[in-house]
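Written out below as structure tokens is the structure these notes cover.
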2 protein chains.
Amino acid sequence: MNVATHNLRCTECAAVITKDDVSSNFRCPQCNGLYEVVYAWSDAKPAATPGAPEHPHSLLPNASALRWLWQERRSSSMSVDQSGVWRFRDLLPIVDDFEKVVTLREGNTPLYDLPRCGKGAGINWLLAKHQGMNPTGSFKDTGMTAALSVAAQRGFEWVACASTGNTSAAMAAYAARAGLRSIVFIPEGKIAWGKLSQAMDYGALTIQLKTDFDGCVKILGDLVKQFPIYLLNSVNPYRLEGQKTPAFEMVEQMDWQVPEHIVVPGGNLANSAALGKGFTEMHQLGLIPRLPKISVIQAEGANPLYRWFIDSNRVMKPVTADTRATAIRIGNPASWRKAAAVIDELGGWCEQVSEQEIALAKAEIGAEGVGCEPASAVTLAGLKKLVALGKITSEERVVLILTGHTLKDSQYTIDYHRNELFTDAEKAQLTTADQARHAALRKPPIVLDADSTLVLRALESHMNQPQPA
Amino acid sequence: MNVATHNLRCTECAAVITKDDVSSNFRCPQCNGLYEVVYAWSDAKPAATPGAPEHPHSLLPNASALRWLWQERRSSSMSVDQSGVWRFRDLLPIVDDFEKVVTLREGNTPLYDLPRCGKGAGINWLLAKHQGMNPTGSFKDTGMTAALSVAAQRGFEWVACASTGNTSAAMAAYAARAGLRSIVFIPEGKIAWGKLSQAMDYGALTIQLKTDFDGCVKILGDLVKQFPIYLLNSVNPYRLEGQKTPAFEMVEQMDWQVPEHIVVPGGNLANSAALGKGFTEMHQLGLIPRLPKISVIQAEGANPLYRWFIDSNRVMKPVTADTRATAIRIGNPASWRKAAAVIDELGGWCEQVSEQEIALAKAEIGAEGVGCEPASAVTLAGLKKLVALGKITSEERVVLILTGHTLKDSQYTIDYHRNELFTDAEKAQLTTADQARHAALRKPPIVLDADSTLVLRALESHMNQPQPA
């Protein structure tokens, strides 16, 4: 296999096929498994000595040269270099012409320190990689630039996915950028208009089918066999190639230090799988001397991976998902095997967190000036639990993956601060200490007469209240 | 004056004061005028020969050295270098310690080409500088990183503004980042919760006063005289220092080519003033050989600058503002004199556009995969008018300034695509051609039975419809 090319390998039966042999539904015809993209270096063993500068693939620049090249590209004004995904193109040779990739200048997302959240969780060194700062407001953009570039270079004119949320927004934006037509399939019935607003803005066609979500996926699977529509659901392995690049970006931002622990929200589970692939490839190529642990956090109401993790028989059973963190409201995650392998191979954990824990964590992250959607906040909530369980120690450097922007779900924020997010029964479950924590973070507007003396008095009383730690 | 320091100069009576002498309401005690920040080079005449590499300020690196320095910093992992504002800190020496600036990694916003929008408007070369890709989703972040850094380094613990929109979101985020407390003043009555969601998320205290917006500004002016609250309304001249940096970034992204024309939405008018200042300073320092024109576009229902522009007596009369483009719904713009000077000195125009023209332009920008809030879309709508009037020719390179992200106003997008944005009376005003343009862009969801044959038939019929040009 040439270094600048790739194959596809079934993650279940390990059958390897060329990129031109893949079926339109991206499922292995033998075992129905998902594919992953493999390269010349995919099965390389990492150099035995940590920090060894050379890797065994002489056609690829060595580790130092790659680091230098990636840094140099940050100063370039070419759009392929300005993309935080394609800047690392040496490790995702999935298209024929890099100068024609479909990009919105995704990636390049900030790595924020969260000193107060870290202190609250009991660790000294907490960072957040904010993937919600991507062009459409979620981490899905890094995957869509990859998969849409493949679609465009293979001559497709239509792309489609079944999704109402961040995936449809990202797909629609990149399809529009490429001049392709995009179709979003959703179950008929309760449309969440807010979640569709971006797909409509970017010109996607939305089709509501008289069936449920699984029915939509099935129809879409039928359609791509009959009509040249490129499938962009999470089974598409090229999306993960884009989604692995935040791992590269993160260690580059840390001057090639490797954090001890990455904490990722768990919904469809493709994100944890992709980040694990990114770190593993860097390790194989000698770019980093060791691997971080990757832990996955799920909401209690959408916790199939957590159940698998604590099940001594390791059986995956889909659940009926229910959580206000809509981006991870997934009961039957397509990529669970890939994520499970990452947890096992890199040595992380899986935890679940309650609705109230998510809301508190989101407000704590917000109070550091960093806004995220509820699903992102499971990471901080889960971190607290992992520290309490002794799985993460105070000296470890931890990076939380924030997956979406706070503007993705304004209503959640509004309901929280108006104290209308939870039912009375839920509120009754909180301890007095937790009630106080929520009260210190909640900021409902106050009403005053237009009199500066009255306002001053209110401020002085407010000033004496403790700030959230 | 030392090159690394600055003074403040009244934009009306030209009185110059030191930074320590400024009143807490940032108004000139003589004439109530607004201040601008001035530096050693502020009154320099540009070198007579275009492209002359040297400027007269020997303490500042020369133009080539500045360009090189700014490019080098893009490869740095220091947070002050990763900021798209502070990377240009040589031209905004407004704080004592650059290593302690309050930053969320603002700036570094993409410059997108909009080929289909350009073709539709009749020009060959159209770009959009998307300031909505800033951390809180609007251009206000570039100003807030500057003004909050000043506030923090001067030891303030409280900051405040009167705003319900993008300004309050940006202030709250940067205040939280700095560990300061922030207060948002708004008139009591109809709260737009969606617009407040970010300020609450970032932990701001919101106070509703029983008065109108002007009353809020007055109370805030009183308060800052009695209590150490740092005023962050647009009268704060340091905000403009941050907001001038997209001008630097834009020409750097164009490899130091200067576009012929910049088109800016006009609300409070501080943005056009700031961009004008940025270009003028680059010209004075020999960084660019000539100035672009800057044109300002207002909504018909909030058009005080347009009225001033077409008035032969050049009188500014406040209006009662009414437009769905809420970010520019301002009838009495604080910074109008600064913006008017920019239009006059750089030679741009002012135009007004209708509600329907704004909606069409927003959908056209969206169909290129670039989402923006309604106020940003006035730029494309205005460009079409300026081309039709012969003010911009097809060969000129034009940059639209997009000020906010599409997620800032999802409801507008939803209403548009459901055809519920306009009243029947407004719809009746559209020509048949305009109705067809809107119909081609509107994407209301369609409902189908879960049958792949039916779906295929629907797609084939959709495929035969023309795409928006």
Side-chain angles (χ1 to χ4, degrees), chain A residues 71-72 74-75 77 104-105 108 110 133 135-137 173-174 176-177 183 188 191 193-194 197-198 200-211 215 219 222-223 226-227 253 255 366-369 371 405-408 410 413-414 417 441 443 445-450 452 455-456 459 462, chain B residues 71-72 74-75 77 104-105 108 110 133 135-137 173-174 176-177 188 191 193-194 197-198 200-211 215 219 222-223 226-227 253 255 366-369 371 405-408 410 413-414 417 441 443 445-450 452 455-456 458-459 462:
Chain A
Q71 184 175 22
E72 280 300 294
R74 282 158 68 183
S75 306
S77 53
L104 285 163
R105 251 225 10 199
N108 303 305
M133 298 295 179
T136 77
Y174 284 86
R177 200 73 201 140
I183 319 159
E188 196 214 6
I191 279 197
W193 287 101
S197 78
Q198 286 181 281
M200 292 190 294
D201 199 25
Y202 307 131
L205 175 67
T206 305
I207 298 181
Q208 300 180 74
L209 294 180
K210 293 180 179 170
T211 176
I219 293 278
D222 289 347
L223 272 179
Q226 301 171 54
F227 195 76
Q253 285 170 314
D255 285 333
E368 297 231 39
H405 197 280
T406 182
L407 283 168
K408 283 281 192 174
S410 300
T413 306
I414 295 164
H417 288 279
L441 289 160
K443 300 285 178 186
I446 60 176
V447 181
L448 292 175
D449 282 329
S452 61
V455 174
L456 261 187
L459 290 183
H462 188 80
Chain B
Q71 184 175 22
E72 280 302 293
R74 282 157 66 182
S75 305
S77 53
L104 284 162
R105 249 214 28 186
N108 302 308
M133 297 297 178
T136 78
Y174 285 85
R177 199 75 203 138
E188 195 213 6
I191 281 197
W193 288 101
S197 79
Q198 285 181 282
M200 294 190 293
D201 199 25
Y202 307 133
L205 174 66
T206 305
I207 299 181
Q208 302 180 70
L209 294 179
K210 293 180 179 169
T211 175
I219 293 278
D222 289 348
L223 272 177
Q226 302 171 55
F227 195 78
Q253 285 170 312
D255 286 331
E368 296 231 38
H405 197 281
T406 183
L407 283 168
K408 282 280 190 171
S410 299
T413 306
I414 295 163
H417 288 280
L441 289 160
K443 300 286 178 184
I446 59 177
V447 182
L448 292 175
D449 282 329
S452 62
V455 175
L456 261 186
L459 290 182
H462 188 80

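Below, each value reflects all heavy atoms present in this structure, side chains not excepted, and no hydrogens, waters or symmetry copies.
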*Given the options B/Thr211, B/Asp222, B/Asp449, which has more heavy-atom pairs under 4.5 Å with chain A than any of the others?*
B/Asp449
*Pick from A/Ala204, A/Gly194, A/Gly137, A/Gly215 with the largest number of heavy-atom pairs that fall under 4.5 Å of chain B*: A/Ala204
*Under 4.5 Å heavy-atom distance to chain A, tell me which part of B/Gln71 shows up: side chain, backbone, both or neither.*
both
_OG-CZ distance between B/Ser75 and A/Arg74, expressed to the nearest 0.5 angstrom_ = 5.5 Å
_Min side-chain heavy-atom separation B/Pro445-A/Met200 under 4.5 Å_ = yes
_For B/Ala176 versus A/Gly366, what's the shortest heavy-atom pair and its separation?_
CB-O, 4.2 Å
*Using a cut-off of under 4.5 Å for heavy-atom pairs, which of A/Gln208, A/Gln226, A/His405 has the most such pairs with chain B?*
A/Gln208
*What do the steps show when you test B/Val447 against A/Lys210 for side-chain contact (heavy atoms from CB on, under 4.5 Å), and what is the final call?*
CA-CA 7 Å; B/Val447 182; A/Lys210 293 180 179 170; 3.8 Å; yes
*Flag side-chain contact, heavy atom, 4.5 Å: A/Asn108 against B/Asn108*: no
*Quick one: what part of A/Glu368 sits under 4.5 Å from any heavy atom of chain B, side chain, backbone, both or neither?*
both
_For A/Arg105, give me all partners under salt bridge (Lys or Arg N to Asp or Glu O under 4.0 Å), at least two apart in sequence or on another chain._
none
_Heavy-atom proximity to chain B below 4.5 Å, by part of A/Leu459_ = both
_Partners meeting side-chain hydrogen bond (donor to acceptor under 3.5 Å, both in side chains) with B/Gln198 (sequence neighbours left out)_ = B/Tyr202, B/Lys408
*Under 4.5 Å, counting heavy-atom pairs only, tell me which of B/Ser452, B/Ala458, B/Ala173 racks up the most with chain A.*
B/Ser452
*asked:* Checking the side chain of A/His417 only, and the main-chain atoms of B/Gly203 only, is there a donor and an acceptor separated by less than 3.5 Å?
replied: no
_Most contacts with chain A, counted as non-hydrogen pairs under 4.5 angstrom, among B/Leu456, B/Ile446, B/Ile414_ = B/Ile446
_For A/Asp255, which atoms come within 4.5 Å of any heavy atom of chain B: side chain, backbone, both, or neither?_
side chain
_Any side-chain heavy-atom pair of A/Val455 and B/Leu209 under 4.5 Å_ = yes
*Among A/Thr406, A/Leu104, A/Ile183, A/Leu223, who wins on heavy-atom pairs under 4.5 Å with chain B?*
A/Leu104
_Option that, when pairs with chain A are counted at under 4.5 Å, heavy atom only, ranks first among B/Thr413, B/Thr136, B/Asp201_ = B/Asp201
